[in-house]
K.L.:
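Starting off with a structure, shown below.
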Amino acid sequence: MTTIDAFVSTHDRNHTLRQSTHAWTTRAMAWLIQATDAVLDWQDRTRQRRQLLALGDRDLQDFGTDRCAAAREGDKAFWQS
């Protein structure tokens, strides 16, 4: 093996390793963004349901709903849509 062949072989291995690392990093970042979005959605949903449960009967009538329907929605777990 010549010096040039060894250099090209090493270069190819390094290039493949960089591509593999880049692909893994990209997938990890995409997963992290999706997980963060899910947590933020859950927090927002929880806040909205607490506000719904705090509304009075008059406010619920303005929405066209009643206390029973609001309680059903407000009592759902944060992961349920």
Side-chain angles (χ1 to χ4, degrees):
M1 180 181 281
T2 66
T3 304
I4 291 176
D5 291 336
F7 173 77
V8 169
S9 177
T10 302
H11 176 73
D12 289 344
R13 277 194 311 264
N14 290 340
H15 182 70
T16 301
L17 180 60
R18 279 194 304 275
Q19 284 179 327
S20 174
T21 302
H22 177 71
W24 181 87
T25 303
T26 302
R27 285 191 305 271
M29 288 300 294
W31 179 86
L32 184 60
I33 289 168
Q34 288 174 341
T36 302
D37 284 345
V39 169
L40 292 174
D41 286 344
W42 292 342
Q43 287 176 333
D44 192 42
R45 194 176 294 156
T46 299
R47 180 189 53 77
Q48 289 175 6
R49 288 181 178 160
R50 282 187 192 142
Q51 290 175 341
L52 178 64
L53 291 173
L55 291 175
D57 290 333
R58 177 72 185 226
D59 295 324
L60 291 173
Q61 286 177 350
D62 287 344
F63 282 118
T65 192
D66 59 7
R67 172 75 42 208
C68 185
R72 274 195 309 272
E73 181 65 27
D75 290 338
K76 286 183 181 179
F78 66 88
W79 62 85
Q80 295 175 317
S81 53

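Position 1 is the first residue of the sequence, and the numbers go up from there. These numbers come from a predicted model, not from an experiment. The basis for the numbers below is simple: all heavy atoms, side chains too, and nothing from hydrogens, waters or symmetry mates.
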K.L.:
Please identify each residue that fulfils side-chain contact (heavy atoms from CB on, under 4.5 Å) with Ile33, with sequence neighbours left out.
P.N.:
Asp37

K.L.:
So, using side-chain contact (heavy atoms from CB on, under 4.5 Å) as the criterion, who are the partners of Asp66 when residues are at least two apart?
P.N.:
Cys68, Ala69

K.L.:
Going by the rule side-chain contact (heavy atoms from CB on, under 4.5 Å), which residues pair with Gln48 if we only count those two or more places apart in sequence or in a different chain?
P.N.:
Asp44

K.L.:
Just list the side-chain donor-acceptor pairs under 3.5 Å for residues 50-63, sequence neighbours left out, or say none.
P.N.:
unit_1 : atom_1 : unit_2 : atom_2 : d
Gln51  : OE1    : Arg47  : NH1    : 3.2
Asp57  : OD1    : Arg67  : NE     : 3.3
Asp57  : OD1    : Arg67  : NH2    : 3.3

K.L.:
Kindly write out the residues that satisfy side-chain contact (heavy atoms from CB on, under 4.5 Å) with Thr26, not counting sequence neighbours, or none if the list is empty.
P.N.:
His22

K.L.:
Would you tabulate the side-chain donor-acceptor contacts of residues 74-81 under 3.5 Å, counting partners in other chains and residues two or more places apart, or write 'none'?
P.N.:
unit_1 : atom_1 : unit_2 : atom_2 : d
Lys76  : NZ     : Glu73  : OE1    : 3.2
Lys76  : NZ     : Ser81  : O      : 3.1
Gln80  : OE1    : Ala77  : N      : 3.0

